[in-house]
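Keep in mind that what you see is a predicted model, and the values were worked out from it rather than measured.
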Amino acid sequence: AQRVTQPEKLLSVFKGAPVELKCNYSYSGSPELFWYVQYSRQRLQLLLRHISRESIKGFTADLNKGETSFHLKKPFAQEEDSAMYYCALSGRGQGAQKLVFGQGTRLTINP
Amino acid sequence: GAVVSQHPSRVICKSGTSVKIECRSLDFQATTMFWYRQFPKQSLMLMATSNEGSKATYEQGVEKDKFLINHASLTLSTLTVTSAHPEDSSFYICSASPLAGVRETQYFGPGTRLLVL
């Protein structure tokens with residue numbers, strides 16, 4: 001079964017501190033992993049995907065197949081990072097694939 | 001670019017009535033659109049996958065006769081909640097995958113809040 005687990009519903013860190021949002025998954029195959037972010041009163045938007053191997057807004061995420069994890073990290077948190085973060089996975093294939101979302105983690109950056 | 005709109009943004013209806021929600025890709029064509037449901041303080045749950053010109057694929061436990069999906073063009077998919085009941089009250093979100101470009105990417109609409117009295 002496809003499953004995404006985000007163990008922390010809430011995460012609060014101080015500005016300038018490192019932040020890590022945890023995500024573990026279970027999938028019988030080679031998944032694609034994503035992090036989506038939802039800022040206050042805005043729609044869900046893609047933050048990054050593992051296949052791109054890029055850093056967006058200072059965030060990075062590495063796919064660890066051995067631990068089946070895709071944790072999101074940022075070395076120095078900023079107040080504008082406060083948002084709801086969702087980890088998601090999809091199968092690989094031609095074209096659009098359905099997404100399975102984790103429960104989400106609400107990140108609050110304290111000044 | 002890659003904007004998805006939903007209409008209406010909010011709807012209140014009486015129990016037993018039907019409600020139609022539209023999802024439009026404004027500046028791109030989408031062969032595939034997805035419909036999600038989100039309960040308060042919970043994650044998005046996929047309801048169905050909508051493909052242009054064909055029948056939607058529903059997730060397990062989603063009643064296809066209750067949630068009618070029509071994807072008549074490459075820029076429009078509609079979700080009709082038939083004979084709505086209070087337990088159908090929720091936040092409905094659609095997403096669209098572009099025909100061209102990175103097809104695995106989904107662009108999300110702003111959501112429609114449905115309240116059934």
*Taking the side chain from B:Ser43 and the backbone from A:Gly102, do they hold a donor-acceptor pair closer than 3.5 Å?*
yes

[Y] reachable from [X] in the ILVMFWY side-chain graph, under 4.5 Å edges:
X       : Y        : value
B:Phe91 : B:Leu114 : no
B:Trp35 : A:Val100 : no
B:Leu68 : B:Val19  : no
A:Tyr39 : A:Leu72  : yes
B:Ile93 : B:Val116 : no

[X] versus [Y]: any side-chain heavy-atom pair under 4.5 Å?
X       : Y        : result
A:Lys98 : B:Phe34  : yes
A:Gln45 : B:Tyr107 : no
A:Leu44 : B:Leu44  : yes

*What part of A:Phe101 gets closer than 4.5 Å to chain B, counting heavy atoms only: side chain, backbone, both or neither?*
both

*Say you draw a straight line from CZ of A:Arg43 to CD of B:Gln6; how long is it, rounded to the nearest 0.5 Å?*
8.0 Å

*Among B:Gln42, B:Glu59, B:Met45, B:Lys41, who wins on heavy-atom pairs under 4.5 Å with chain A?*
B:Glu59

*Step through the shown structure and confirm whether more than 12 heavy atoms of other residues, nucleotides or ligands are within 6.0 Å of NZ on B:Lys55.*
no

*asked:* Run A:Leu99 and B:Tyr36 through side-chain contact (heavy atoms from CB on, under 4.5 Å) and show every step you take.
replied: CA-CA 10 Å; A:Leu99 288 168; B:Tyr36 297 85; 3.6 Å; yes

